[in-house]
Every structure is written in C-alpha cells, then in structure tokens.
Trainee: 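Before I ask anything, let me first share the structure, which is written out below as structure tokens.
In what follows, every chain begins at residue 1, and chains take the letters A, B, ... in the order their sequences are listed.
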There are 2 protein chains.
Amino acid sequence: MGMTLTSRDTSPAASQSGPVVFVVDDDASVREALGALFRSIGLAVRLFGSALEFLQGKPGETPGCIVLDVRLPGVSGLDFQTQLSALGIHLPIIFMTGHGDIPMSVRAMKAGAIDFLAKPFREQDMLDAVAAAIECDGRRRRDLEAISNLRSHFASLTPREQEVLTHVTSGLMNKQIAAALGLSEITVKIHRGNLMRKMGARSLADLVRQAEALGVGTPLEMAR
Amino acid sequence: MGMTLTSRDTSPAASQSGPVVFVVDDDASVREALGALFRSIGLAVRLFGSALEFLQGKPGETPGCIVLDVRLPGVSGLDFQTQLSALGIHLPIIFMTGHGDIPMSVRAMKAGAIDFLAKPFREQDMLDAVAAAIECDGRRRRDLEAISNLRSHFASLTPREQEVLTHVTSGLMNKQIAAALGLSEITVKIHRGNLMRKMGARSLADLVRQAEALGVGTPLEMAR
DNA sequence: AATGAACCTAAACCAACGTATGATCATGCC
DNA sequence: GGCATGATCATACGTTGGTTTAGGTTCATT
C-alpha cells in the first residue's frame with residue numbers, strides 16, 4: 001500500500017461521526033494492519049508515521065483514542081505521552097512495543113495509559129483495549145462538557161454575583177454576606193435571585209452542588 | 001519526610017505507632033535485606049514468607065503498605081492482590097519480581113498497584129515507591145475516616161429523619177416533603193431541625209455537601 | 001449626549017424556615 | 001405499670017428568604 005499519510009475515511013461528516021482510533025507507528029505495515037483491524041469492527045481510523053505527523057492533524061477535539069508505538073522516530077512514545085498531556089490533549093493512550101521492558105510499561109501505566117501491549121499481541125486484546133479507551137474517553141468528555149457548561153454559566157455572572165454565590169454556597173446567611181461585602185441585605189437578595197436564575201439552579205441544594213463541581217465556595221472542611 | 005518513629009515492632013501496642021511495611025517474599029534473604037532497608041529509614045517492618053502467613057496476621061487495620069513478590073508459594077502475587085481486594089484489605093501494593101513480563105506488570109498496575117519493580121532494582125526506587133504508597137494509604141485512610149464519620153451520623157438518624165434528609169438535600173421545600181411523605185409541614189420541620197443537629201450541619205449548604213459525600217439525595221442530574 | 005450595564009438601596013409584602021410549647025399515640029424495655 | 005423514644009400534629013411567634021416596584025449612582029460605549 002502506497003498510502004503513507006492520513007487516510008481520511010470515506011465518511012465526509014468528520015465532525016460528529018464517531019470515535020476515531022489514531023494509530024501512530026513508524027512501521028507502515030503495522031499501521032495498515034491495525035487500520036484494517038479497527039475498520040473491520042466499524043471504527044474510524046487515522047494513521048500516522050510519527051508523533052509530529054500526528055500533531056499536524058488537529059486532534060483533541062475528536063473523540064477516540066491513540067494507539068501508540070513506544071519506539072518512534074524522534075521522541076519516545078513515553079515522552080510523547082507527557083507532551084500530549086502538557087498540550088492538553090488527553091486522549092486515552094494504548095501503548096504497544098516490540099522491545100519494551102517492565103519499567104517502561106510501569107511508567108506508561110503510572111502516567112495514565114489505558115493499556116500497554118507487548119508485540120506480538122492478540123488482536124482481541126487490542127480491540128478490548130480500544131473499546132475500553134473509547135468508553136473512557138466518552139465518559140471523560142461527558143464530564144468535561146458538564147462542568148464546561150457550569151463554568152460558562154458561572155462566567156456569565158457579574159463579579160458581584162460570583163462573590164455572592166461563593167458566600168451563599170459557603171452557608172452564610174444574607175445578613176452575613178451583606179456584612180462581609182459591605183452591602184445592605186436587600187442588595188444581596190437581589191444578586192442572589194439573579195445568580196440563581198442565571199445558573200439555572202432551582203434550589204439552594206442545586207446551587208451548592210454546582211459550586212462543589214466548580215470548586216468554589218467551600219472555605220473550610222466541615223467540622224467533625 | 002520520614003517520621004522517625006521508633007521501630008519498636010516488638011511492642012504489642014501496634015495500635016497507633018506509624019505506618020508498617022509488610023514484606024511478603026518466600027526468599028528469606030530478600031526479606032531480611034528489605035527489612036533492613038526499611039528499618040534504616042525508620043520504618044516499621046513485618047516480614048512474611050507467604051500469602052497465608054501474611055493473612056494470619058491481622059492487617060487492614062494497620063496503616064502502611066505491602067511489598068509483594070509476584071512469585072509466591074501457593075497463589076501468585078497477582079491473584080493475591082485480587083483476594084486482598086475482595087477481603088476489603090486495600091493496602092497499597094508494591095510488586096517486585098525476578099521473572100516478570102510486561103503483561104504481568106500491566107495487569108498489576110491496572111488492578112491498582114502502586115509500583116511494579118523488576119529485580120534487581122535500585123534501593124532508592126523501592127524507597128520512593130514505599131514512600132508514595134504510604135502517602136497514598138494515609139490519604140485513603142483520612143478520606144475513609146471522614147465519610148465513616150458521616151455514615152455513623154447518618155445512621156444515628158431515625159428512619160424518618162433519613163427520609164427527610166434525602167428530600168431536603170434534593171432541594172424540595174418543607175411543604176413538598178410533607179406531601180411526599182404524607183405528613184404535615186410542621187412535622188417535617190421538626191425532623192429537619194433534629195437531623196441538622198444530629199448531622200452537625202450548621203447550614204443547608206453543609207448538609208448538601210454531606211449528603212453528596214454520602215451519595216444520598218441526588219435524584220436526577222441537574223438540568224441543562 | 002445618550003444608552004445600557006452593573007451596581008446599590010429602600011419600602012412593602014409574602015412565602016418559607018425555625019423554634020418554642022403542648023399534646024396524643026404506639027412501641028419496646030425494665 | 002412506668003418509662004423512654006419516636007412519630008405525629010397544632011398554635012404561635014420570630015427570623016430568614018425572595019420578589020416587586022421604584023428609585024439612585026458610576027462607567028464605558030455609542
């Protein structure tokens with residue numbers, strides 16, 4: 001097969017199709033074999049010969065996972081894992097290697113890899129790992145989107161409203177918040193009503209949970 | 001930060017001394033060498049020649065970690081890891097092996113092992129792993145104790161109070177709770193006041209956070 | 001100059017919350 | 001029987017929460 005670069009799949013709707021398996025391996029035959037394997041179960045695939053090539057694409061938005069050879073031209077797969085993390089690309093990684101050792105695999109797993117397969121591996125093991133990785137990425141993305149929504153709601157609050165929110169979710173009464181911020185109680189009530197509406201919180205319990213997810217308004221550990 | 005608590009493992013007051021390293025290896029010379037190593041930095045050590053021997057002691061209460069050879073008489077170290085988990089013994093495990101392979105190490109790490117060291121390893125690596133494991137166990141125990149306190153508080157509530165708590169932390173008003181439980185509003189107020197006192201919650205925000213930690217009173221995912 | 005956004009406040013009002021006080025009833029235990 | 005506990009309800013009172021209406025300021029943008 002002369003195809004060396006990205007083999008964009010037939011499906012044109014690359015936006016919201018499904019999870020994609022990014023295969024990064026310098027051995028073209030391995031790439032192609034893996035590509036065929038994943039396509040055989042209906043997964044979209046993109047193939048890359050190096051880390052740089054992979055970065056040239058714009059991953060990170062697309063859901064899926066990375067199948068990564070430890071030995072790459074240029075950087076090592078382990079270092080690449082670190083780079084990706086630093087770049088904010090948190091796609092689950094499945095490592096594979098022909099000449100790996102235990103410390104290598106342990107380092108990869110400690111750094112969050114989903115799996116680490118020594119060549120030769122059974123195809124089923126790879127498929128299982130990819131399935132787990134995609135499942136994991138899906139969960140991560142759902143969680144991320146949930147708190148992203150929360151954050152945008154929080155960002156839509158005025159500074160004052162944000163202050164009031166943190167005080168409210170800390171369990172302070174309107175009177176106390178007013179004193180803390182140098183306001184009258186009625187003003188606090190106004191802000192409070194506004195922020196409840198903007199945050200889409202239908203009860204104080206709602207708001208506290210949202211604040212918990214956002215990491216705001218929990219000043220001290222609860223007593224006892 | 002080595003807490004230089006005396007290695008008086010002789011004393012029967014094993015209650016609140018410090019973290020203990022449980023070494024499980026069938027090779028007596030390895031056991032002794034590890035024992036000496038850990039004692040040299042002020043850690044308490046207990047040595048075992050087999051998994052059974054280890055279980056004969058009463059671990060699980062004592063904070064610390066396990067240093068475990070993969071090859072053991074009887075069960076394999078990996079299987080033993082599973083057994084311990086099933087037994088509710090969640091001490092962090094550091095594996096070591098002279099004849100391990102990558103799948104073995106990956107399985108161990110996936111099952112939650114702190115580290116997996118191939119012999120021969122550097123002493124410093126083992127010490128680092130043990131330090132990390134003890135730190136991890138400390139965190140786990142602190143978290144566990146916190147929610148254990150919460151649970152005992154929750155258990156001290158009467159059935160009715162528990163019901164009311166879940167409804168309150170779901171964001172319902174007293175009136176709605178009363179309707180849901182077939183009570184009058186005043187009765188709900190009574191229960192509510194009592195449970196706030198018993199739970200040691202000084203505000204509704206407090207209570208919601210406690211309920212969150214307990215996993216009660218979060219009926220539906222928040223809208224939007 | 002005008003507009004709008006964010007901020008602040010007040011008066012008035014109603015709903016919700018919380019805590020007494022006092023009482024009834026059933027259960028289980030000594 | 002006597003006792004404690006849990007559960008229930010009522011009346012009453014005071015506090016807290018929340019909205020509406022009706023103002024006011026400052027500041028940046030238009």
Trainee: Can A:Asp143 and A:Arg140 be counted as an ion pair, charged N to O under 4.0 angstrom?
Mentor: no
Trainee: Between B:Leu183 and A:Glu185, which residue's closest nucleotide on DNA chain D lies nearer the 5′ terminus?
Mentor: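 Looking at DNA chain D, the more 5' nearest nucleotide goes with B:Leu183.
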Trainee: Classify A:Thr187 by what it touches in the nucleic acid, base, sugar-phosphate, or nothing, heavy-atom distance under 4.0 Å.
Mentor: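 Base contact.
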Trainee: Taking only side-chain N and O atoms of B:Thr158, does any of them lie within less than 4.0 angstrom of OP1 or OP2 on D:dA7?
Mentor: yes
Trainee: Rounded to the nearest angstrom, tell me the gap between atom CD1 in B:Ile186 and atom C1' in D:dA12.
Mentor: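 That distance rounds to 10 Å.
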Trainee: If I take atom CD1 in residue A:Ile177 and atom C1' in nucleotide D:dG17, what distance separates them, rounded to the nearest angstrom?
Mentor: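 Distance, rounded to whole Å: 11 Å.
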Trainee: Are any of B:Lys175's side-chain N or O atoms less than 4.0 Å away from OP1 or OP2 of C:dA15?
Mentor: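 B:Lys175 to C:dA15 OP1/OP2: no side-chain N or O under 4.0 Å.
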Trainee: What's the CD1-C1' distance between B:Ile190 and D:dA7, to the nearest Å?
Mentor: 11 Å
Trainee: Check every atom of C:dT9, D:dA10, C:dA6 against the side chain of B:Ser184 and return the nucleotide holding the closest atom.
Mentor: D:dA10
Trainee: Of the nucleotides D:dA7, D:dG18, C:dC17, which has the atom closest to the A:Arg192 side chain?
Mentor: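 My answer, after comparing the listed nucleotides, is D:dG18.
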Trainee: Could you check how far NE2 of A:His167 sits from P of D:dG17, rounded to whole Å?
Mentor: 14 Å
Trainee: Taking salt bridge (charged side-chain N to carboxylate O under 4.0 Å, His left out) as the criterion, tell me which of B:Arg197, B:Arg192, B:Lys198 meets it with B:Glu161.
Mentor: B:Lys198
Trainee: Check this for me: does any side-chain nitrogen of one of B:Arg142 and B:Glu145 sit under 4.0 Å from a carboxylate oxygen of the other?
Mentor: no
Trainee: Take the angle between the ring planes of B:Phe116 and B:Phe95 and call it parallel below 30°, perpendicular above 60°, tilted in between.
Mentor: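 Because their plane-to-plane angle lies in the 30° to 60° range, the rings of B:Phe116 and B:Phe95 count as tilted.
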Trainee: In terms of side-chain heavy atoms of A:Asn174, which of C:dC7, C:dA16, D:dG18 is nearest?
Mentor: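 Nucleotide nearest to A:Asn174's side chain: D:dG18.
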Trainee: Rounded to the Å, how far apart are B:Gln162 CD and D:dG6 P?
Mentor: 12 Å
Trainee: Please give, in whole Å, the distance from D:dG6 C1' to B:Leu181 CG?
Mentor: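 Those two atoms, CG and C1', are 15 Å apart.
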Trainee: How long is the line joining CD of B:Glu161 and P of D:dT5, in whole Å?
Mentor: 13 Å
Trainee: Taking the side chain of B:Met173 as heavy atoms from C-beta outward, which of C:dA16, C:dC8, C:dT19 is closest to it?
Mentor: C:dA16
Trainee: Does the side chain of A:His191 get closer than 4.0 angstrom to OP1 or OP2 of C:dC8 through an N or O atom?
Mentor: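 For C:dC8, OP1/OP2 do have a side-chain N/O of A:His191 under 4.0 Å.
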Trainee: Quick one: does any side-chain atom of A:Asp137 pair with a main-chain N or O of A:Leu91 as donor and acceptor, under 3.5 Å?
Mentor: no
Trainee: I need the NZ-P distance between B:Lys189 and C:dG22, as an integer number of Å.
Mentor: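 Atom NZ in B:Lys189 sits about 19 Å away from atom P in C:dG22.
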